[in-house]
Amino acid sequence: MEELNENGGVNKVLLMLKGIGISMFLSIIMILVLSMVLSFSNVKESVIMPTVIFISSFSILIGGYLVAKRIENKGIIYGSILGLIYMMILYFISSIMNFDFSLNVSAIMMIAFGIIGGAIGGILGVNLK
């Protein structure tokens, strides 16, 4: 996952894009599993939103961890940025699909949990060797 630029340093933008891609891939896989569980069980629909928030935050945590592990410094910054970008992409896609660009409490919570998940992943990526 480590990409070097011509100065011998790590290409942080490329690493961030890869981290976002990995996070989105993990989210898609886990949401597909959730949808199958919901289809074949009697789980209440009230579980969906908290589970989606957890899935997104966990995926961002993993992406933030991987990015910060490669960059090796400022993990909280890079993880938070990764979480913010991921959540903004998710917000725009969902807003386009729903024809509604309003920010409500659940959207703000999702963005906050994404940033927090990314920050925790970044901290772990820098500090765990």
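Reckoned from all heavy atoms, side chains included, excluding hydrogens, waters and symmetry mates. It should be emphasised that the depicted structure is a prediction, and the values quoted were computed from it without experimental measurement.
Considering all non-hydrogen atoms of both residues, Met110 and Met87 come closest at O-CE, 3.1 Å. Contact between Ser106 and Asn104 at its shortest, heavy atoms only, is OG-OD1, 3.0 Å. Minimum heavy-atom separation, Tyr78 to Ile71: CE1-CG2, 3.7 Å. Between Ser80 and Ala119, the closest heavy-atom pair is OG-CB, 3.4 Å. Nearest heavy atoms, Met30 versus Ser59: CE-OG, 3.1 Å. A pairwise comparison of heavy atoms in Leu82 and Ser23 identifies CD2-OG, 3.9 Å as the closest pair.
In this structure the side chain of Ile111 reaches within 4.5 angstrom of the side chain of Leu84, judged on heavy atoms. Between Leu103 and Tyr91 the shortest side-chain heavy-atom distance falls below 4.5 Å. Between Phe101 and Ile96 there is a side-chain heavy-atom pair separated by less than 4.5 Å. Two residues are said to be in side-chain contact when any heavy atoms from C-beta on lie closer than 4.5 Å; Met97 and Ile93 meet this criterion. Contact of the Leu34 side chain with the Val52 side chain is registered, since non-hydrogen atoms from C-beta on lie closer than 4.5 Å.
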*Can Leu66 and Arg70 be said to form a side-chain contact (heavy atoms from CB on, under 4.5 Å), step by step?*
CA-CA 6 Å; Leu66 294 173; Arg70 299 290 187 233; 5.9 Å; no
*Yes or no on side chain to side chain donor-acceptor pair (under 3.5 Å) for Ser27 and Tyr86, after CA distance, side-chain angles and deciding distance?*
CA-CA 11 Å; Ser27 290; Tyr86 174 100; 2.5 Å; yes
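Leu14 and Phe25 fall into different hydrophobic clusters, defined by Ile, Leu, Val, Met, Phe, Trp and Tyr side-chain heavy atoms under 4.5 Å apart, directly or through other members. Two different hydrophobic clusters hold Met49 and Ile28 under the rule that ILVMFWY side chains link at heavy-atom gaps under 4.5 Å. Linking ILVMFWY residues whenever their side-chain heavy atoms come closer than 4.5 Å, directly or via other members, leaves Ile53 and Ile29 in distinct clusters. Transitive grouping of hydrophobic side chains (ILVMFWY, heavy atoms separated by less than 4.5 Å) brings Ile116 and Val105 into a common cluster.
Rounding to the nearest 0.5 angstrom, the gap separating the OH atom in Tyr65 from the CG atom in Leu128 is 5.5 Å. The distance from the CD1 atom of Ile81 to the CD1 atom of Ile76 is 11.0 Å, given to the nearest 0.5 Å. Leu15 CG to Ile22 CD1: the interatomic distance, rounded to the nearest 0.5 Å, is 9.5 Å. Atom CD1 of Ile48 is separated from atom CD1 of Ile55 by 10.5 Å, given to the nearest 0.5 angstrom. A distance of 11.5 Å separates OG in Ser57 from CD1 in Ile62, rounded to the nearest 0.5 Å. Between the CG atom of Leu26 and the CZ atom of Phe58 there is a distance of 7.5 Å, given to the nearest 0.5 Å.
Formation of a donor-acceptor pair under 3.5 Å by the Ser95 side chain with backbone atoms of Phe92 is not found in this model.
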